[in-house]
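Reviewing the structure listed below.
For clarity, every value in this text was computed on a predicted model and none was experimentally measured. Because only heavy atoms are used, hydrogens play no part in the values below, and waters and symmetry mates are left out as well, while side chains stay in. Lettering follows sequence order; numbering is per chain, from 1.
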Amino acid sequence: MLSIKNLAVDFRTRRGTVEAVRGISFDVAAGETLGIVGESGSGKSVTSYALMRILDAGGRISAGDVVYGGMDLRRAHERDMRDIRGREISMIFQNPRAALNPIRKVGRQIEDVLRQHGRATRQDAREKAIRALEDVRIADAEARYEAYPFELSGGMCQRIVIAVALACDPRLLIADEPTTGLDITTQKAVMDLSRDLIRARGMSSILITHDLGLAAEYCDRLAVMKDGEIVETGLAAEVFANPCHSYTVQLVAATPRPGVHVRDLLPARARSPLPPHEVGQGALVAVRGLTKTYAGKSGPVHAVRGIDFDLLEGQSVGLAGESGCGKSTTSEMLVRLLDPTAGTILFEGEDIGGVPADAFTRDKRRGAIQMVFQDATDSLNPRHTARNAIAEPLRRLGGMKAAERDSRIVELADLTGLPGRLLDRFPHQLSGGQKARVGIARAIALDPKFLILDEPTAALDVSIQAVVLNLLADLRARLGMTYLFVSHDLNVVRLLCDHVIVMKAGEIVENGPVSRVMTAPSHPYTRALLSAAPTSCDSLSRTEAAE
Amino acid sequence: MSSQAKAISLRIAQTIPVLLGVVIISFVLTRALPGDPAAYFAGVMADANSIEATREALGLDKPMIQQFFLYVGDMLQGDLGRSISTGRPVATDLAERLPASLELTLTALVLSCLIAVPLGIWAAVRQGSWVDHLCRVLVTAGVSLPTFFTGVLLIYVFYYLLGWAPSPLGRLDFLYLSPPRVTGFYLIDSLLARDMEVFFASLRQLALPGITLGLFTLAPIARMTRAAMLTALSSDYLRTARAAGLGPRKVLYGYAFRNALLPVVTTLGMVFSFVLGANVLVEKVFAWPGIGSYAVEALVASDYAAVQGFVLAMALLFVFLNLLIDLSYALIDPRIGFTEK
């Protein structure tokens, strides 16, 4: 149905031509789902934009053929392409809320597509748009027709995007990272929905994702891309269970899944024994009745509703839950950037919850409680070099002399595996993994006892995530830090933590050792979270176990 | 009462403290101006006694507080006092001169929008092409050439050299009678009176100052339209629209431009308020009997009532304009509600 031969795409930039895709070939048969898997910069999204001919300015197909149902898409007239888009081939995108026009009613946006392709007239457009909304299982479609994207949840927006894409019964659906940024239970709902619709209509589809587990579960065949080339193709189960190319092996290994240890994520030659970390008996942090209530437009919003837990000295505790569960609010109160409404936070027996967040910056315990932020790029000052970023806490709180500080920075860079020559670079000159290292070096600069990690790997590719998680495991053993690891992904939490706390709607629903929570969760919500993770991961771990 | 109407009346209520502040500040500021109006109006030959007599006649011998309450009391009855330099009630002066300024400013803005918005859109769509460069040149010229310079240049070329434009002396050539007053806008009034001759005459008078001011306001509007369009064109929802096969017209106007409109409206509001106060130079060059030149003359003469009246009128206008902009935001962007404030 779709056949791509030796496709090459390049972009003209100020620094010359960049080859984003270098001669790839693949076919998609009728009724088949192909997964294109790769890390950021591998050219997987560019491939899909190229075949739709919606490349950004400066991009062009430099070689190869794209043939869809006997039609040459590369040389087709723009007017013909417009008929193809949406009617024959359509796309859904990541970040669904941004993918919808923010100031147009969602029903109208569906109508636009219907009317563009002559599927509806002015009279019956509304009715057909509502039917399209019902098709993607949106409850109360009539009322939702009038909604604007900002009034809907992320999952709901993605359903609308799917409704827009499927409104004109296309034959091929390209899904570009459709669940990035969605909660795991929402991800499952959206993926199941689109799979059901694709099957029911006998469509073909291409799923573009960085998540091997997701691709393996929902695709028939996989193509693994790296640096603009396809390094491996094969049946989904085959590629996952029995990867041939060294890159695929590395990618499979780096995917967090049940039954593996943090070291297993690394390539085999880099797996040194994991140093043990000691968990003491005394509580370093004790949280009692912690509450945060915001004043909302329609009454108070209870972000955190009186939670209690202890963190033992040297322990690593995971704080898991979906967006809006209160895990970030909790971590911000613990790191003393946010004042609790009620409750106490005992740090080494003293209540630090009573010290206002503004005053805590000058508290002597500021250095003992530090944080690694979610987005390594946004949390670094773009006008400061890596050296400056790491020096900042030393200068403000360390009270060190310049010479002493310089040697400490080199020491920290060494600890976090940041090559010394990179210290004088600016954030935009560093890769994602290097920026993560700078963020970690900055956080441990003052030898904190308690480190809060707020989704430190969420924005990273899996292979980088594997390296950063291992670095964190090493640092913990070496410096004896206590971790609070905040994450939405239980499979990642499990790799690093001894203990897991699961939050839902501002309350703790589960609190126990990692082994018990992962294997025998007591709360139905935890079970739902665990079962929402792509199940092929299980089959993979089973295959590994069998070997 | 619907929530929308309630929100709007709340928004209008918010303007009351602003107006109150303006009244107080304009009163105090005019008193703080250097110069003694009594000495000024008593004349060069006056002695101490006659200055004192003038002071008493102007009511300036009373304590400040008493003066203020007298002023506020009169104002509430619609009496803004009497201008000492023109000898007429300030309200009458303003009613005559404000429409002149508004007509000029609005003409200039309409003119510059008609050019700047399509130019900005075009420049964004064809980024890096000759249109984009033309846009850049125009924008640079617009901001770097002061209005009094372009004004004089236009007069030199079109009046003196080519003789196309009428003499730059006010709103209407002395050959014509001003149309019967309805709105105070000559263009509208002459149309209402079905007097096409006067209409074209006043249009001819308006052309050069309108173009002068329009060139000046063109720059920020074109610049902002281009930037906002570039943002909108590179957005995710535009990619969705293109991937859905929507036609270029729909993509450009239905999706991109409507989203780009918000910053453009903001800029428009700012430019309008700025120009209304700042077009005194153009008014001077073209002998335009507007409110800007009136205010400057009043200021020089320490004509308290006139200055206060001017400041108050401008403040009212700004408040009204901001209200209008806020309301149009809500019309353009459903995400903006009044209740959020």
(request) Answer with side chain, backbone, both or neither: which region of Ile92(A) has an atom nearer than 4.5 Å to a non-hydrogen atom of chain B? (result) neither

(message) Regarding Arg201(A) and Asp169(A), does a basic nitrogen lie under 4.0 Å from an acidic carboxylate oxygen?
(response) yes

(request) Give the ring-plane orientation class for Phe150(A) versus Tyr148(A), where under 30° counts as parallel, over 60° as perpendicular and anything between as tilted. (result) parallel

(message) Counting heavy-atom pairs under 4.5 Å with chain A, which one of Leu233(B), Leu238(B), Asn259(B) comes out on top?
(response) Asn259(B)

(request) Go through Cys168(A), Ala99(A), Pro170(A), Ala165(A) and name the one with the most non-hydrogen pairs under 4.5 angstrom from chain B. (result) Ala99(A)

(message) If the threshold is 4.0 Å, N to carboxylate O, is there a salt bridge linking Glu88(A) and Arg171(A)?
(response) no

(request) Heavy-atom pairs under 4.5 Å with chain B are the metric here; pick the option from Met91(A), Gln109(A), Arg87(A) that has the most. (result) Gln109(A)

(message) Please rank Val164(A), Asn101(A), Leu100(A) by heavy-atom pairs under 4.5 Å with chain B and give me the top one.
(response) Asn101(A)

(request) Ignoring hydrogens and angles, state whether a donor on the side chain of Asp176(A) or Ser48(A) is under 3.5 Å from an acceptor on the partner side chain. (result) no

(request) Tell me, out of Gly247(B), Ala256(B), Ala241(B), who's got the most heavy-atom pairs with chain A below 4.5 Å. (result) Gly247(B)

(message) Tell me whether Asp236(B) is salt-bridged to Arg97(A), with the criterion being a basic N under 4.0 Å from an acidic carboxylate O.
(response) no

(message) Less than 4.5 Å to any heavy atom of chain B: does that hold for the side chain of Pro149(A), its backbone, both, or neither?
(response) neither

(message) Taking side chain as everything from C-beta outward and backbone as N, CA, C, O, which of these in Leu55(A) sits under 4.5 Å from a heavy atom of chain B? Side chain, backbone, both or neither.
(response) backbone

(message) One thing to verify: whether Glu78(A) and Arg85(A) come together as a salt bridge, which I'm taking to mean a side-chain N less than 4.0 angstrom from a carboxylate O.
(response) yes

